[in-house]
Amino acid sequence: MRIAVFHGWELTGSGSNEYVRYFSRALARAGHEVHVVCREEHPDRIAHVNAAYRWDGEGGCEELFSGRDTDQSGACAVHVLPHGDVRPVFVTDKQRDGNVQAFSDMG
């Protein structure tokens with residue numbers, strides 16, 4: 001089965017980020033073709049990701065990598081959405097570089 005998962009943030013850190021990462025891995029291990037649309041800056045650091053693509057704000061797409069071997073019978077591709085100048089998060093943590101602001105700090 002081909003499955004798309006949309007997550008507006010990265011796949012690392014905590015909370016829903018971790019949930020979506022583990023969920024996509026479980027689906028790929030079960031033999032599904034999973035496409036995760038998110039804002040993960042380093043999809044190459046996630047072991048179960050076979051392919052990754054970076055989309056720009058104009059609909060253009062750059063292939064970051066593809067065909068990487070993993071230990072699952074299915075596949076997982078990450079589609080990286082463009083970032084704005086400020087990266088909104090629910091909780092400010094030390095794992096994020098750049099101009100990161102929690103929603104409560106954005107006024």
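Leu81 and Ile46 are members of different hydrophobic clusters when ILVMFWY side chains are connected at heavy-atom separations under 4.5 Å. Under the 4.5 Å side-chain heavy-atom criterion for ILVMFWY residues, a single connected hydrophobic cluster contains both Leu11 and Phe23. Met1 and Phe6 fall into different hydrophobic clusters, where Ile, Leu, Val, Met, Phe, Trp and Tyr are joined by side-chain heavy atoms under 4.5 Å apart, directly or via other members. Residues Tyr19 and Val78 fall within the same hydrophobic cluster, defined by Ile, Leu, Val, Met, Phe, Trp and Tyr side chains chained together at heavy-atom separations under 4.5 Å.
Residues Pro82 and Gly57 share a closest heavy-atom pair of CG-N, 4.0 Å. Across all non-hydrogen atoms, the minimal contact from Thr12 to Asn17 is O-ND2, 2.8 Å. Scanning all heavy atoms of the two residues, the minimum distance from Val34 to Ala28 falls at CG2-N, 3.8 Å. Minimum heavy-atom separation, Leu64 to Arg54: CD1-NH2, 3.8 Å.
A donor-acceptor pair under 3.5 Å links the side-chain atoms of Arg68 to the main chain of Asp44, judged by distance alone. The closest donor-acceptor contact from the side chain of Asn50 to the backbone of Gly67 lies at 3.5 Å or more, if one exists at all.
Here Arg45 pairs with nothing under the side chain to side chain donor-acceptor pair (under 3.5 Å) rule; sequence neighbours left out. The ring pair (Phe, Tyr, Trp, His ring centres under 6.0 Å) check on His7 picks up Trp9, with sequence neighbours excluded. Qualifying salt bridge (Lys or Arg N to Asp or Glu O under 4.0 Å) partners for Arg29, counting only residues two or more places apart in sequence or in other chains: Asp71. Glu58 is linked by a side chain to side chain donor-acceptor pair (under 3.5 Å) to nothing, counting only residues two or more places apart in sequence or in another chain. For Phe65, there are no ring pair (Phe, Tyr, Trp, His ring centres under 6.0 Å) partners two or more places apart in sequence or in a different chain.
Looking at heavy atoms from C-beta onward, Val20 lies out of side-chain contact with Cys38 at the 4.5 angstrom threshold.
Listed by first then second residue, pairs satisfying ring pair (Phe, Tyr, Trp, His ring centres under 6.0 Å) with a partner in residues 33-53 read His35-His79, Tyr53-His79, not counting sequence neighbours.
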